Amino acid sequence: MNRTALFVGASGLIGRQAIKAVLKSGNYTKVISIGRRVSKFEDDIPQENLVQKIVDFENIEASMDDLKNINDVFFCFGTTPKTAGSWENYLKIDVEYLRNTAKAIADANRLPNQELVPVHALFCSGAGANKNSMIQVVKIKAENEEYFTEVGFERVSVFRVPAVKVTEQREAPRMSETLIEYFMTPLNWVFGNGLMVEDSVIGSAFRRVAADTSIKPANPKNIFETAQGASRYTFTGSDMMRIASEK
């Protein structure tokens, strides 16, 4: 069966690993990547089904034709206040651009007279996301998670990414990631898996959850279902390690 995947933000650390896992899987006849620039991949990554589109997130509605007929959409789009340069820029990217794009994709794939959009949305969030938190970044992550259900996606899979062990160097390395790995490695060893996960493992978990909708979080509390039939599954770091290791 012909299936199409859409990536929003495939140039970042997690998005790059997820799209490479998807391309290598051969599960899709078409993989579309939209972003602010074109990404380059290693020669051993199959790219014959890959279509990259540069879009203007200020006017995402102008790219509606590229957003139609999607089965799975991977949202690995986001930044940090420091990288964005200001709090205002951070909100524009992580809230305005993200939500406007999610709504545009939902609208482009909504069937007549149907409340739910038959698209599986997979969202890269962060560990500790909590809409009641006093920390604004943590609160925004949780609010974004809920927005994907509110906008109408039939199925939403949230990946609350913990500390990341970087196996593929970024174009612009982050000192914070080096420090986190230094301190988290012994803690991860002492307290158990899931506090820190390799970037490639996270990418593999994204791919497997998209391919097999029977995969669920280990904790039933991380399963949310609406009266209309929509579902939102929240996967933790330990979930991602378990899923990626399964055949």
Side-chain angles (χ1 to χ4, degrees), residues 1-12 14-41 45-78 92-125 144-159 203 206-213 226 228-233:
M1 184 173 63
N2 292 338
R3 293 184 64 79
T4 299
L6 174 65
F7 276 81
V8 184
S11 61
I14 304 303
R16 185 173 177 82
Q17 293 294 336
I19 196 171
K20 290 201 300 184
V22 163
L23 289 170
K24 287 192 288 186
S25 73
N27 291 341
Y28 299 90
T29 53
K30 189 175 184 180
V31 178
I32 304 169
S33 174
I34 63 171
R36 290 168 287 188
R37 62 182 182 272
V38 170
S39 298
K40 294 183 179 180
F41 299 98
I45 302 298
Q47 298 175 55
E48 60 271 15
N49 295 332
L50 175 63
V51 178
Q52 300 197 63
K53 300 277 188 177
I54 295 177
V55 300
D56 179 7
F57 287 106
E58 289 278 2
N59 184 26
I60 192 63
E61 292 78 11
S63 300
M64 288 294 277
D65 287 344
D66 297 321
L67 311 179
K68 295 178 179 178
N69 303 314
I70 303 301
N71 299 107
D72 302 314
V73 54
F74 297 75
F75 288 91
C76 304
F77 181 83
K92 178 175 284 291
I93 295 169
D94 258 42
V95 178
E96 181 183 331
Y97 288 176
L98 178 68
R99 296 186 187 183
N100 286 351
T101 303
K103 184 178 185 305
I105 295 169
D107 289 345
N109 291 277
R110 196 182 305 276
L111 301 176
N113 304 315
Q114 294 293 317
E115 183 176 357
L116 296 180
V117 180
V119 173
H120 183 184
L122 301 97
F123 173 52
C124 181
S125 185
N144 282 342
E145 293 176 1
E146 293 189 353
Y147 183 78
F148 286 101
T149 300
E150 294 169 2
V151 83
F153 289 110
E154 187 174 56
R155 179 179 173 85
V156 177
S157 293
V158 173
F159 294 78
F206 265 87
R207 191 268 306 168
R208 291 211 65 242
V209 170
D212 185 354
T213 56
T226 71
Q228 292 74 30
S231 64
R232 185 172 68 245
Y233 291 177

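Basis for what follows: all heavy atoms, side chains included, without hydrogens, waters or symmetry-related copies. Bear in mind the structure is a predicted one, so any value in this text is a computation, not a measurement.
With values rounded to the nearest 0.5 angstrom, Phe7 atom CZ is found 8.5 Å from Phe206 atom CZ. Rounded to the nearest 0.5 angstrom, Lys103 NZ and Phe153 CZ are separated by 11.0 Å. For the atom pair OG of Ser33 and CD of Gln52, the computed distance is 5.0 Å after rounding to the nearest 0.5 Å. Atom OG1 of Thr226 is separated from atom CD of Glu154 by 9.5 Å, given to the nearest 0.5 angstrom. If you take NZ on Lys68 and OG1 on Thr4, they are separated by 14.0 Å, rounding to the nearest 0.5 Å. Note that the CG atom of Leu67 and the CG atom of Asp107 stand 10.0 Å from one another [nearest 0.5 Å].
Closest of all the heavy-atom pairs between Gly229 and Leu116 is C-CD1, 3.9 Å. Shown here for Ser39 and Ser11, the closest heavy-atom pair between the two residues is OG-CB, 3.5 Å. Taking all atoms of both residues into account, the shortest heavy-atom contact from Ala104 to Met64 is O-CE, 3.6 Å. In terms of heavy atoms, Val158 sits closest to Ser125 at CG1-CB, 3.8 Å.
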key: Candidate pair Arg3 and Asn27, rule side-chain contact (heavy atoms from CB on, under 4.5 Å), full reasoning   = CA-CA 7 Å; Arg3 293 184 64 79; Asn27 291 341; over 6 Å; no

inquiry  = Show, in sequence, the C-alpha distance, side-chain angles and deciding distance for Arg232 and Arg155, and conclude whether the side-chain contact (heavy atoms from CB on, under 4.5 Å) test is met.
reply    = CA-CA 6 Å; Arg232 185 172 68 245; Arg155 179 179 173 85; over 6 Å; no

message = Determine whether Arg110 and Glu115 satisfy the following criterion, salt bridge (charged side-chain N to carboxylate O under 4.0 Å, His left out), listing intermediate values before the conclusion.
response = CA-CA 8 Å; Arg110 196 182 305 276; Glu115 183 176 357; over 6 Å; no

request  = Decide yes or no on side-chain contact (heavy atoms from CB on, under 4.5 Å) for Val119 and Asn71, but give the supporting numbers first.
outcome  = CA-CA 5 Å; Val119 173; Asn71 299 107; over 6 Å; no

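For the pair Arg36 (side chain) and Phe57 (backbone), a donor-acceptor distance under 3.5 Å is absent. Between the side chain of Asn109 and the main chain of Ile70, a donor-acceptor pair closer than 3.5 Å is present. Listed for the Asn100 side chain is no donor-acceptor partner under 3.5 Å among the backbone atoms of Glu58.
A perpendicular orientation is assigned to the rings of Tyr28 and Phe74, their planes being inclined by more than 60° (bins at 30° and 60°).
Taking Lys53 as the reference, Asp66 meet the salt bridge (Lys or Arg N to Asp or Glu O under 4.0 Å) condition, with sequence neighbours excluded. A search for side chain to side chain contact (heavy atoms under 4.5 Å, CB included) contacts involving Asn49 returns nothing, not counting sequence neighbours.
Side-chain N/O atoms of Ser25 and Arg207 include no donor and acceptor closer than 3.5 Å. Side-chain N/O atoms of Ser157 and His120 include a donor and acceptor closer than 3.5 Å.
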